[in-house]
Amino acid sequence: MRSRTSPVSQPITIRRAVARDAKRLTRLVRGSGAYEGKYASAVAGYRVGPDYIEAHRTFVAVGADENGGRVLGFYSLVLAPPELDLLFVADEVQGRGIGRLLVAHMQSEARAAGIDRVKVVSHLPAEDFYHRVGAVRTGTAFANPPAVPWDRPEFEFRILPE
């Protein structure tokens, strides 16, 4: 898959996350440029732990490099009720189609699990991304202070059979 901007020049592998990925995924969440300024409080103490990785279908996009693979992004699919809980792409590789690859992979996982719809509560700066990758706006998740003091758009992916 290719994005409308510059494609990824290195091979990308999407694999199941393992416990040793937890610290890298936590750093990716906490270091996300989308959560700077007024949004920083939402991820300040956030942790993606080994327990979370074990409990949910969490997958990482890994790029080949001199260290044997760098985590470029990840997502987490909760099966009951079906929800895309997390989706992050490293700031320096955004716009290269990695998010689109992760969404396509998530849809394939949902389809394999017999799920026909996946909910997403979007971060405000990610709203356009979800529109571009085919999610349909279904409503609003209202603020939940102090953790999230702002309303967020709610989307749904409709998972079509192959």
Side-chain angles (χ1 to χ4, degrees), residues 1-37 39-79 82-113 115 118-136 141 148 152-159:
M1 272 187 196
R2 302 218 178 230
S3 69
R4 289 181 284 173
T5 58
S6 60
V8 175
S9 59
Q10 59 185 340
I12 302 293
T13 300
I14 297 178
R15 64 164 172 79
R16 189 80 184 247
V18 294
R20 73 176 182 278
D21 292 320
K23 287 182 182 177
R24 288 188 280 183
L25 302 186
T26 296
R27 280 194 302 270
L28 193 59
V29 170
R30 289 183 185 175
S32 172
Y35 285 90
E36 292 177 338
Y39 300 120
S41 65
V43 296
Y46 200 88
R47 178 179 170 270
V48 180
D51 53 336
Y52 180 91
I53 290 169
E54 186 176 318
H56 305 295
R57 292 190 183 199
T58 305
F59 290 85
V60 295
V62 181
D65 69 5
E66 67 280 356
N67 298 319
R70 176 173 159 239
V71 173
L72 303 173
F74 78 101
Y75 77 88
S76 178
L77 176 63
V78 175
L79 296 180
E83 182 174 0
L84 178 60
D85 187 40
L86 299 171
L87 174 63
F88 282 84
V89 173
D91 290 349
E92 64 273 11
V93 294
Q94 288 184 9
R96 298 183 185 178
I98 296 167
R100 191 173 290 277
L101 285 172
L102 289 168
V103 166
H105 190 274
M106 178 277 299
Q107 291 172 315
S108 178
E109 283 292 309
R111 187 177 301 108
I115 294 169
V118 176
K119 173 184 164 181
V120 180
V121 177
S122 176
H123 181 47
L124 288 169
E127 185 172 6
D128 287 342
F129 167 77
Y130 286 112
H131 279 295
R132 287 193 312 272
V133 294
V136 177
V148 184
R152 295 164 293 158
E154 216 171 77
F155 289 91
E156 182 176 84
F157 284 102
R158 296 186 178 127
I159 309 300

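We number each residue from 1, following the sequence as shown.
Between P153 and E127 the shortest side-chain heavy-atom distance falls below 4.5 Å. Side-chain contact between I14 and L101 is present, with heavy atoms from C-beta onward closer than 4.5 Å. No side-chain heavy atom of D85 sits less than 4.5 Å from a side-chain heavy atom of L77. Put simply, the side chain of L84 reaches to within 4.5 Å of the side chain of M106, judged on heavy atoms. Between F74 and I98, the closest side-chain pair of non-hydrogen atoms is not below 4.5 Å.
Contact record, V103 with F129: CG2-CZ, 3.9 Å, taken as the closest heavy-atom pair. Listed here is the closest heavy atom pair of I53 and A17: CG2-O, 3.5 Å. The shortest heavy-atom contact between A110 and I159 is CB-CG1, 4.0 Å. In plain terms, the two heavy atoms of A61 and I12 that are nearest each other are CB-CG2, 4.1 Å. Residues A34 and Y39 approach most closely at O-CD1, 3.6 Å, considering heavy atoms.
Between T58 atom OG1 and L25 atom CG the span is 7.5 Å, to the nearest 0.5 Å. How far CD of E109 is from NE2 of H105: 5.0 Å, rounded to the nearest 0.5 Å.
Looking at residues two or more places apart in sequence or on another chain, you find a side chain to side chain contact (heavy atoms under 4.5 Å, CB included) between A113 and R57, L79, I115. Remark: R47 pairs with no residue by the side chain to side chain donor-acceptor pair (under 3.5 Å) rule, at least two apart or across chains. Remark: E156 pairs with R117, T138, R158 by the side chain to side chain contact (heavy atoms under 4.5 Å, CB included) rule, at least two apart or across chains. For A90, the side chain to side chain contact (heavy atoms under 4.5 Å, CB included) partners two or more places apart in sequence, or in a different chain, are L28, R70, E92, V93. Checked against side chain to side chain donor-acceptor pair (under 3.5 Å), S32 has no partners two or more places apart in sequence or in another chain. By the side chain to side chain contact (heavy atoms under 4.5 Å, CB included) test, A55 is found to be paired with no residue, residues two or more places apart in sequence or in another chain being considered.
Donor-acceptor pairing under 3.5 Å is recorded for the side chains of S76 and Y52.
L102 pairs in a side-chain contact (heavy atoms from CB on, under 4.5 Å) with only one of the listed residues (L72, V89, V133), which is V89.
Between Y35 and H123, the ring planes are parallel. Angles under 30° get that label, and only those over 60° would be called perpendicular. The aromatic rings of F157 and Y130 sit perpendicular, their planes meeting at an angle over 60°, well past the 30° parallel limit. Relative orientation of the F59 and Y75 rings is parallel, given thresholds of 30° and 60° on the angle between their planes.
A salt bridge links D21 and R15; the closest N-O separation between the charged side-chain nitrogens and carboxylate oxygens is under 4.0 Å.
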